[in-house]
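So the structure is just underneath, and the comments pick up after that.
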Amino acid sequence: RRLYGSVDDYPELLQAYWDSHGQRHWLGVRAVLEQARDQGQFDHDADLDLIHEILYATVIYDLAAEPDTHNARDIAERLTAVLRQTGYQSEGLTQR
């Protein structure tokens, strides 16, 4: 929250965060999305880059606009609800 709030004044902080943690996290999320697609939890032609950006935007929005009162369960429920809007199925999609 503080990092993103200071980006305009100190852009080098965001770059340092990206270099040390962000890129690794981004790649990890991408791998999980690919695994979910491979297991049939997304359509085979789902745009994983767009889904990834939607998840990222949800997190950034919550950091910027919501009070810092969420616990891990709240966050998981929110991200799952967003994923369901992208076509995610926790049990895998039925064949068409």
Side-chain angles (χ1 to χ4, degrees):
R1 183 178 300 263
R2 289 182 185 146
L3 174 64
Y4 284 105
S6 65
V7 168
D8 289 338
D9 295 328
Y10 304 101
E12 64 276 7
L13 286 176
L14 185 59
Q15 185 62 51
Y17 175 80
W18 176 257
D19 292 345
S20 64
H21 300 293
Q23 187 173 18
R24 182 171 34 107
H25 181 263
W26 186 265
L27 293 172
V29 171
R30 176 59 191 226
V32 169
L33 291 174
E34 289 173 356
Q35 181 181 17
R37 182 201 52 215
D38 294 346
Q39 294 174 349
Q41 294 173 304
F42 290 108
D43 281 331
H44 66 49
D45 60 349
D47 185 341
L48 297 184
D49 290 329
L50 180 58
I51 293 169
H52 198 170
E53 289 176 15
I54 290 167
L55 289 172
Y56 184 75
T58 300
V59 170
I60 296 301
Y61 172 81
D62 283 351
L63 285 172
E66 297 293 324
D68 191 15
T69 58
H70 303 298
N71 60 39
R73 184 179 184 157
D74 294 337
I75 294 166
E77 288 174 359
R78 169 90 161 137
L79 293 176
T80 299
V82 169
L83 280 172
R84 290 196 189 288
Q85 295 301 310
T86 67
Y88 171 79
Q89 300 280 325
S90 60
E91 299 302 321
L93 297 172
T94 58
Q95 297 299 319
R96 298 180 197 198

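A quick note: this is a predicted structure, and the numbers were derived from the prediction, not measured. Values below: all heavy atoms of this structure, side chains included; hydrogens, waters and symmetry mates excluded.
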Partner set under ring pair (Phe, Tyr, Trp, His ring centres under 6.0 Å) for H52, not counting sequence neighbours: W26
Test your reading of the model: is there a side-chain donor-acceptor pair from D43 to the backbone of A46, 3.5 Å cut-off? no
Counterpart residues, side chain to side chain contact (heavy atoms under 4.5 Å, CB included), relative to [X] (two or more places apart):
X	result
R24	H21
L79	L55, T58, V59, I75
E34	R30, R37, L48

By side-chain hydrogen bond (donor to acceptor under 3.5 Å, both in side chains), which residues pair with D19, not counting sequence neighbours? Q15
With sequence neighbours left out, what residues match R84 under side-chain hydrogen bond (donor to acceptor under 3.5 Å, both in side chains)? none
If you round to the nearest 0.5 Å, how far is CD1 of I54 from OH of Y61? 16.0 Å
Rounded distance [0.5 Å steps], OG1 in T80 versus OH in Y88: 6.5 Å
Flag yes if L33 and L50 sit in one hydrophobic cluster, no otherwise; membership is Ile, Leu, Val, Met, Phe, Trp, Tyr, and two members link when side-chain heavy atoms are under 4.5 Å apart. yes
Tell me, please, which residues at least two apart from E77 pass salt bridge (Lys or Arg N to Asp or Glu O under 4.0 Å). R73
Find out whether L83 and F42 are in side-chain contact, i.e. whether some heavy atom of one side chain is under 4.5 Å from a heavy atom of the other. yes
